[in-house]
Amino acid sequence: MRIQKNIYGFTLIETLIGILMTTIICSTLFLGITQAKLYLESIRIKEKAFIELKNFTNEWKSMIAAGVSNFPSDSNSGKKVALKTDGNGNTTIEGNLYKKITKATNSGQYSIYYNIQTYITWDKKNLFFNKERGLLDTLSFNTYQIQFHIE
């Protein structure tokens with residue numbers, strides 16, 4: 001009596017190895033998609049921070065151009081702005097805007113101008129699942145503005 005071997009189809013081991021390879025490939029693909037989504041979210045937050053910083057800097061440039069010369073100091077926390085909100089409108093990532101305005105040293109009698117240094121910081125703990133606190137991301141501007149005298 002001769003046992004005839006089935007030569008059609010796959011063995012159990014071959015099937016399990018195929019399933020294992022497919023699982024590994026799919027999990028790698030999903031990991032790559034997740035990392036890409038998180039990276040895009042960090043770019044969106046940086047873009048929002050840039051827009052907020054640009055508006056904040058332009059606001060102070062306008063005030064200096066209009067003749068304001070009294071600049072209140074920032075508190076320790078700065079001016080707070082929402083960089084990311086959830087679906088309910090709650091702030092999930094908050095930025096702090098700061099400024100340092102000084103009269104330029106070579107400013108003359110007829111042309112008074114100021115050095116404006118503005119920057120925004122935000123906590124990166126919510127991005128890429130960082131658990132550590134104190135990881136700050138920063139954008140900064142350094143510009144000058146002439147104070148106009150209208151008499």
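The shown structure was predicted, so the numbers you read here are calculated from the model rather than taken from an experiment.
Not counting sequence neighbours, the partners of Leu29 by the side chain to side chain contact (heavy atoms under 4.5 Å, CB included) test are Ile33. Contacts of Asn106 classified as side chain to side chain contact (heavy atoms under 4.5 Å, CB included), with partners at least two apart in sequence or in another chain: Ala104, Tyr113. Judged as a side chain to side chain contact (heavy atoms under 4.5 Å, CB included), and not counting sequence neighbours, Ser111 has no contacts.
To the nearest 0.5 Å, atom CD1 of residue Ile19 and atom CD1 of residue Ile24 are 12.5 Å apart. Rounding to the nearest 0.5 Å places CG of Asp123 at 8.0 Å from CD1 of Ile93. In this structure, CH2 in Trp122 is found 6.5 Å from CD1 in Ile120, a value given to the nearest 0.5 Å. Taken from CZ in Phe71 to NZ in Lys100, the straight-line distance is 13.5 Å, to the nearest 0.5 Å. Distance check, rounded to the nearest 0.5 Å: CD1 of Ile64 to OH of Tyr114 gives 7.0 Å. We find the CD1-CG distance between Ile116 and Asn58 to be 9.0 Å, quoted to the nearest 0.5 Å.
At least one side-chain heavy atom of Leu83 sits less than 4.5 Å from a side-chain heavy atom of Val81. Between Leu97 and Thr118 there is no side-chain heavy-atom pair separated by less than 4.5 Å. Side-chain contact between Leu12 and Phe10 is absent, with no heavy atoms from C-beta onward closer than 4.5 Å.
Between Thr92 and Thr85 the shortest heavy-atom distance is OG1-N, 4.0 Å. Across all their heavy atoms, Pro72 and Trp60 have their closest contact at CD-CH2, 4.0 Å.
The closest donor-acceptor contact from the side chain of Gln35 to the backbone of Gly32 lies at 3.5 Å or more, if one exists at all. No side-chain donor-acceptor contact under 3.5 Å links Asn88 to the backbone of Asn90.
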Under 3.5 Å, side-chain donor or acceptor atoms of residues 44-52 against the rest of the protein: list the pairs with distances, not counting sequence neighbours.
from, atom 1, to, atom 2, distance (Å)
Arg44, NH1, Glu41, OE1, 3.1
Lys48, NZ, Glu52, OE2, 3.2

Side chains of residues 137-145: which donor-acceptor partners sit under 3.5 Å, not counting sequence neighbours?
from, atom 1, to, atom 2, distance (Å)
Asn142, OD1, Asn115, ND2, 2.9
Tyr144, OH, Asn115, ND2, 3.4

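Residue-environment remark: NZ (Lys37) stays at or below the threshold of 12 foreign heavy atoms within 6.0 Å.
A salt bridge (Lys or Arg N to Asp or Glu O under 4.0 Å) check over residues 53-62, counting only residues at least two apart or in different chains, returns the pairs Glu59-Lys79.
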